[in-house]
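Just so you know, residue 1 is the first one in the sequence shown, and it goes up from there. Computation of the quantities below employed the complete heavy-atom set of this structure, encompassing side-chain atoms and omitting hydrogens, waters and symmetry-equivalent molecules. None of these values were measured; they are calculated from a predicted model.
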Amino acid sequence: MLANEFTPFWIVALVAGSALYRAFYHPRPQLAGHAAMLTATFIGLAILLLSPGNAVRMAAYPEGGKIAASFSMGLYYLWLELVRHYTESATWAWLGFVALFSVFVVPSQPRPAARLLVLIVGLVAAVLAGLYTAYVIAYFATAEDLATRGRNQVVVFLLAGGGCVVALAARFLPSLGHHAHVRMTALVACGLLSFLLLDSVALGYVSRRGVAIRDLLERECPEASISSDDQGPGCRRPQEIGQAVHADGR
């Protein structure tokens, strides 16, 4: 799910940042393990970029290959993505959920403020750089915005990164969940915030994708149920139809 032309750069940024942080602040930096992960990532990226299918796909987008325009359009699409999600109530509900859970439910884990600040700044930089890289590579390859599948990955990375930043920032506050009734109240508040997530853009993508699959199933084999193996010679199996939807980017 998270493997294409730009996600290896996300892995490199996060693993390299982890290695740098641990080299300065952790008694066991585990540099060999980080080096192994980076090596595997670079090998996978090389295989992806040098594969014949990638060249064929690039040839289908003759307007691509514009380096200068890719950098400027990458900023434009990054700005649109941030505005789209951080003006959405579901995004703030998610961040509020993480903040409440971190402050009132998770036990306090003291950590030097300087280290927390380094982690927060580094993570924010890694997430923003990763999103920008995704849009630059997409525009360079196609002269278009990211496809739906790529945008889904961007949404996951953005929301997960934002949640981690909020959870780290909550460590600057003392834990307030010393009493059971306080923790229970916080959990109830988290549950109420969860209802706002049902109206999120991300779940909207999932819902529309499910509708697309059902529509395609009805067109391909209207007389058969999804779970039936006896579908007749003219019907494609659900797995094949799912692959067709995935290939179409719907």
Side-chain angles (χ1 to χ4, degrees), residues 1-2 6-7 9-11 13-15 17-18 21 25 74-135 145-146 148-209:
M1 287 296 291
L2 290 178
F6 55 81
T7 49
F9 294 98
W10 296 358
I11 299 173
L14 294 174
V15 173
S18 172
Y21 176 84
Y25 296 113
L75 283 175
Y76 171 71
Y77 286 123
L78 172 61
W79 170 252
L80 289 182
E81 196 70 58
L82 294 175
V83 170
R84 179 183 299 114
H85 287 285
Y86 284 102
T87 56
E88 185 188 7
S89 60
T91 301
W92 291 103
W94 160 244
L95 298 179
F97 179 104
V98 174
L100 284 173
F101 196 86
S102 300
V103 174
F104 291 97
V105 180
V106 177
S108 178
Q109 299 176 355
R111 182 172 295 180
R115 295 188 187 184
L116 277 176
L117 191 58
V118 168
L119 279 174
I120 292 171
V121 172
L123 187 56
V124 169
V127 170
L128 291 178
L131 300 182
Y132 177 62
T133 300
Y135 283 112
D145 192 2
L146 272 171
T148 302
R149 293 185 303 278
R151 287 195 58 210
N152 290 344
Q153 294 165 343
V154 163
V155 170
V156 171
F157 193 56
L158 177 62
L159 295 180
C164 291
V165 168
V166 170
L168 288 172
R171 291 301 177 197
F172 284 108
L173 301 174
S175 178
L176 302 177
H178 303 295
H179 301 288
H181 68 276
V182 174
R183 291 195 297 272
M184 184 58 65
T185 302
L187 287 173
V188 170
C190 288
L192 293 175
L193 284 173
S194 298
F195 285 103
L196 294 176
L197 301 179
L198 299 176
D199 192 36
S200 65
V201 172
L203 285 182
Y205 290 157
V206 173
S207 176
R208 286 193 294 273
R209 190 176 182 86

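- Under the side chain to side chain donor-acceptor pair (under 3.5 Å) criterion, Thr133 pairs with no residue, sequence neighbours left out.
- Atom CG of Leu131 sits about 9.5 Å away from atom NE2 of His85, to the nearest 0.5 Å.
- The side-chain contact (heavy atoms from CB on, under 4.5 Å) check on Leu173 picks up Val103, with sequence neighbours excluded.
- Of the possible donor and acceptor atoms, one in the side chain of Thr87 sits under 3.5 Å from a partner among the backbone N and O of Val83.
- Atoms CG and CG, on Leu187 and Leu192 in that order, are 11.0 Å from each other to the nearest 0.5 Å.
- Annotation: the span from Asp145 atom CG to Arg151 atom CZ amounts to 6.0 Å, rounded to 0.5 Å.
- No more than 12 heavy atoms of other residues, nucleotides or ligands sit less than 6.0 Å from atom OH of Tyr76.
- Every side-chain contact (heavy atoms from CB on, under 4.5 Å) that Ala99 has, sequence neighbours left out, goes to Val166.
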Donor-acceptor pairs under 3.5 Å, side chain of residues 115-129 to any protein atom, not counting sequence neighbours: which ones?
unit_1: Arg115; atom_1: NH1; unit_2: Tyr25; atom_2: O; d: 3.3

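- A search for ring-ring contact (aromatic ring centres under 6.0 Å, His included) contacts involving Tyr77 returns Tyr135, not counting sequence neighbours.
- For the side-chain contact (heavy atoms from CB on, under 4.5 Å) test, no residue two or more places apart in sequence or in another chain qualifies with Ala13.
- When all heavy atoms are compared, the tightest approach of Phe101 to Cys190 is N-SG, 4.0 Å.
- For Trp92, the side-chain contact (heavy atoms from CB on, under 4.5 Å) partners at least two apart in sequence or on another chain are Tyr86, Leu95.
- Residues meeting the ring-ring contact (aromatic ring centres under 6.0 Å, His included) test with Phe157, sequence neighbours left out: Trp10.
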